[in-house]
Amino acid sequence: MTPDEFRRYGHELVEWVAGYMERVAALPVQASVEPGEIRAALPPAPPEDPEPFEALVRDLDDVVLPGITHWQSPGWFAYFPANTSPPSVLAELVTAALGAQGMMWSTSPALTEIEAHVLDWLVELLGLPQEWKTAVGPGGGAIQLSASDSTHLAHVVARERAMERGASSEDVVAYTSSQAHSSIEKGARVAAIRHLRLIDVDRDFALRPSALAEAVARDVADGLVPAIVTSTLGTTGTCAVDPVGEVAAIARRHGLWHHVDAAYAGSALICPELRVEQEGIARADSFVFNAHKWMFTNFDCSVFWVADRAPLVRAMSILPPYLQNAASASGEVIDYRDWQVPLGRRFRALKLWWVLRAYGAKGIRHHIREHVRLASWFGGRVDEHPSLVRVAPVAFGLVCFRHVDGNEATDALAEAINRDGSVYVIASTIEDERFIRVAVGATPTTAEDVERLWSIVSAAL
Ligand code: PLP
């Protein structure tokens with residue numbers, strides 16, 4: 001492609017993207033293709049001759065879009081949001097064009113310094129401890145691929161720390177609640193931690209500290225080594241908030257690493273009135289939230305902070321001769337390769353930087369507050385309806401409810417809602433009870449969309 005062609009096609013493609021952002025509201029939210037259907041539309045053999053770019057763009061409409069479930073639709077209420085925004089999309093274009101590797105400061109200083117600085121801004125914006133800023137220390141933040149990666153890292157570091165203190169790897173124990181995300185179990189498993197205790201929850205699905213204390217005491221009595229506990233700020237099922245402060249106290253008492261998983265709800269901390277368990281969070285050893293869920297920054301952008309970066313860097317650092325350089329040796333720069341499993345890393349901070357600048361903190365707060373207000377409005381409608389019961393408090397942007405007639409009626413209701421096509425919700429299960437989750441948080445979702453969802457729900461009852 002010549003530079004002139006790139007310019008022309010680039011303009012056309014940005015037009016296509018802008019057009020998609022406008023017409024996504026009119027598309028059915030869920031893809032409705034059969035398994036294998038998209039693949040069958042692709043030629044069996046790879047292209048030998050170059051194809052015109054027009055053909056590539058045409059296939060976006062003809063082949064790709066039919067197989068896309070539209071997470072950026074205003075009718076997106078499924079799972080949690082994975083929202084994006086125009087500044088984020090444009091930053092991704094620049095990141096791809098620069099194609100720079102930020103594995104070390106020396107391989108592109110701007111990547112490292114902008115990331116470190118923007119994450120220090122976020123410490124301020126989310127009301128987190130000053131010591132988590134790389135400019136203040138001893139802690140610091142790094143952008144990871146996903147919350148699962150961050151949680152895995154926390155487990156690796158905690159295991160290493162326990163072993164540095166003399167534990168045998170066989171004896172290390174991890175704890176979290178029975179409502180924690182599956183990434184905690186996976187993180188512990190990949191970190192080769194053999195023992196994972198899923199601690200009981202209370203009526204609001206938050207971890208019971210007394211049950212945690214008992215489990216830790218039992219393991220100590222059995223000669224095992226409690227090494228890490230993960231609290232959740234906003235569980236995936238119902239957005240329950242664990243008593244992070246009480247967990248922090250137990251962690252301190254027994255020398256456990258305390259990781260906080262705020263994958264979804266962490267974005268809400270930008271609004272002071274939505275902050276919960278802030279004192280407990282301030283005593284955590286590590287904390288993760290996904291800007292790629294609810295901060296208008298497209299996947300992937302998971303922000304991971306540690307209160308002390310030394311054990312993380314110790315666990316992750318290997319220095320082969322081909323990576324040695326004067327800047328690293330000076331000890332004056334951050335080399336993010338030592339904060340993660342992969343060596344290479346792309347310029348993910350650019351999109352976060354652009355989102356923060358293009359919206360301003362005020363703009364982000366405005367949208368998050370609006371999502372929370374709309375969820376609360378929807379929760380009110382659920383409470384008023386005789387055929388519906390809420391199964392958990394409305395938390396942040398999430399409303400969880402079921403049909404009074406039980407599981408079959410709840411599943412039938414979810415199917416009826418989704419059959420409309422303009423909205424998408426999912427059903428889940430807790431303690432054998434099916435319930436429907438409505439997560440308000442897609443970037444273009446407005447009051448009109450949530451009202452439309454309510455009319456679809458009430459018409460289906
Ligand atoms: N933790 C919680 C509480 C989540 O809700 C999720 C995903 O929804 C995750 C972790 C996993 O996030 P990721 O896809 O970034 O690994």
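Counting convention: from 1, in listed order, for ligands and their atoms alike. No experiment lies behind these values; they were computed from the predicted model shown.
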Hey, is ligand 1 close enough to [X] that some N/O pair sits below 3.5 Å?
X	result
T235	no
Y264	no
A147	yes

Considering only heavy atoms of [X], which atoms of ligand 1 have at least one such atom less than 4.0 Å away?
X	result
S183	10 (C)
G234	3 (C)
N290	12 (O), 13 (P), 15 (O)
H292	15 (O)

Against the six-membered ring of W377, is R381 placed for a cation-pi contact (under 6.0 Å from the centre, within 45° of the normal)?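 Pair R381/W377 counts as cation-pi.
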Is the cationic atom of R369 (NZ for Lys, CZ for Arg) positioned less than 6.0 Å from the six-membered ring centroid of W294 and within 45 degrees of its normal?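 Checked: cation-pi criterion not met.
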Test D300 against R346 for salt bridge (Lys or Arg N to Asp or Glu O under 4.0 Å), laying out the working first. CA-CA 10 Å; D300 51 334; R346 59 196 204 90; 2.9 Å; yes
OG on S183 to NE2 on H152, rounded to 0.5 Å: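 Between atom NE2 of H152 and atom OG of S183 there are 11.5 Å.
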Residues R161, E164: salt bridge by 4.0 Å N-O rule: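 Judged by the 4.0 Å cut-off on N to carboxylate O distance, R161 and E164 do not form a salt bridge.
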Examine the proximity of ligand 1 to S148 and report which part, side chain or backbone, both or neither, has a heavy atom under 4.0 Å away.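 Both the backbone and the side chain of S148 come within reach of ligand 1.
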Among V288, T232, T236, D261, closest by any non-hydrogen atom to atom 5 (O) of ligand 1: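 Considering heavy atoms of V288, T232, T236, D261, the nearest to atom 5 (O) of ligand 1 sits in T236.
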Run down the list Q179, Q144, H181, K293 and name the one with the heavy atom closest to atom 12 (O) of ligand 1.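 Nearest option to atom 12 (O) of ligand 1, by heavy atoms: K293.
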Beyond-backbone contact of L65 with Y20, side-chain heavy atoms, under 4.5 angstrom: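 A side-chain contact under 4.5 Å exists here.
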Verify the distance criterion only: is there a donor paired with an acceptor across the side chains of T230 and D261 at less than 3.5 Å?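 T230 vs D261: no donor-acceptor pair found between side chains.
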Any F80 heavy atom less than 4.0 Å to ligand 1: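 Flag set, F80 near ligand 1.
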Would you call S302 a ligand 1 contact, heavy-atom distance under 4.0 Å?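 The answer is no, since S302 has no heavy atom less than 4.0 Å from ligand 1.
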Before you tell me yes or no, could you show the steps for T232 and H181 under side-chain contact (heavy atoms from CB on, under 4.5 Å), namely the whole-Å CA-CA distance, both residues' side-chain angles and the distance that decides it to 0.1 Å? CA-CA 8 Å; T232 308; H181 189 262; over 6 Å; no
